[in-house]
Engineer: 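Here it is, the structure, as structure tokens.
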Amino acid sequence: MTVDWQFERTFSACLNEDYGYEFLIRDALSNILLYVKSKSETAAHRTIPSVKEDRLKEMITWIDQHLEQAVSVSDIAGAANICTRECQRIFNQYLHYS
């Protein structure tokens, strides 16, 4: 399962709000976190600098904690105390998702 598929799964669950959709979202976000962690441990030449890794974890954790709210890029960036453009760069660079 790719990260893109996990994000699509998450957004689809949010849109449809079928019974138990919160569990699907939590599962998909957990898989994304596992993917980020595995990439940072296995690809020594492409590891995420610890500051960016921490920011990415903070942002994904914040998303997980605010699943039932309307979320904007600005909100996500605020969770890591960065600007929206840096938030977009981190997601695009390390998760290949804008």
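Only a predicted model underlies this, so the values are computations on that prediction, with no experimental measurement involved.
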Engineer: Mind checking side chain to side chain contact (heavy atoms under 4.5 Å, CB included) for Glu86 and listing every partner two or more places apart, or none if nothing turns up?
Structural biologist: Lys52, Arg55, Ile82, Cys83, Arg89, Ile90
Engineer: Tyr94 and Tyr35: which non-hydrogen atoms are nearest, and at how many Å?
Structural biologist: O-CE2, 4.2 Å
Engineer: Going by ring pair (Phe, Tyr, Trp, His ring centres under 6.0 Å), name the pairs with one or both residues in residues 68-88, residues two or more places apart or in two chains.
Structural biologist: none
Engineer: Who are the salt bridge (charged side-chain N to carboxylate O under 4.0 Å, His left out) partners of Asp27, not counting sequence neighbours?
Structural biologist: Arg9
Engineer: Who pairs with Cys14 by side chain to side chain contact (heavy atoms under 4.5 Å, CB included), at least two apart in sequence or on another chain?
Structural biologist: Ile25
Engineer: Quick check against the 3.5 Å criterion: does Asp75 have a side-chain atom that pairs as donor or acceptor with the backbone of Ser72?
Structural biologist: yes
Engineer: Which residues satisfy the side chain to side chain contact (heavy atoms under 4.5 Å, CB included) test with Ala79, sequence neighbours excluded?
Structural biologist: Trp62
Engineer: Tell me which pairs pass salt bridge (charged side-chain N to carboxylate O under 4.0 Å, His left out) where either residue lies in residues 65-74, with sequence neighbours left out.
Structural biologist: none
Engineer: In a table with atom names and distances, give each donor-acceptor pair under 3.5 Å that connects a side chain of residues 15-24 to protein atoms at least two apart or in another chain.
Structural biologist:
| from | atom 1 | to | atom 2 | distance (Å) |
| --- | --- | --- | --- | --- |
| Asn16 | ND2 | Ser12 | O | 3.3 |
| Asn16 | ND2 | Ser12 | OG | 3.3 |

Engineer: Measuring from atom CG of Leu33 to atom OG of Ser30, what distance do you get when rounded to the nearest 0.5 angstrom?
Structural biologist: 6.5 Å
Engineer: Nearest 0.5 Å please: distance from the CD1 atom of Ile76 over to the CD1 atom of Ile60.
Structural biologist: 9.5 Å
Engineer: How would you list, by chain and number, every residue that makes a side chain to side chain donor-acceptor pair (under 3.5 Å) with Ser74, sequence neighbours excluded?
Structural biologist: none
Engineer: Pairs in or reaching into residues 58-67: which pass salt bridge (charged side-chain N to carboxylate O under 4.0 Å, His left out), with residues at least two apart or in two chains?
Structural biologist: Arg26-Asp64
Engineer: In Å, rounded to the nearest 0.5 Å, how long is the span from CG of Leu29 to CD of Gln65?
Structural biologist: 11.0 Å
Engineer: Please say yes or no: joined through hydrophobic side-chain contacts below 4.5 Å, possibly via intermediate residues, are Val71 and Ile32 part of one cluster?
Structural biologist: yes
Engineer: Can you name the side chain to side chain contact (heavy atoms under 4.5 Å, CB included) partners of Asn81, sequence neighbours left out?
Structural biologist: none
Engineer: So which heavy atom on Ala77 is nearest to which on Met59, and how close?
Structural biologist: CA-SD, 4.5 Å
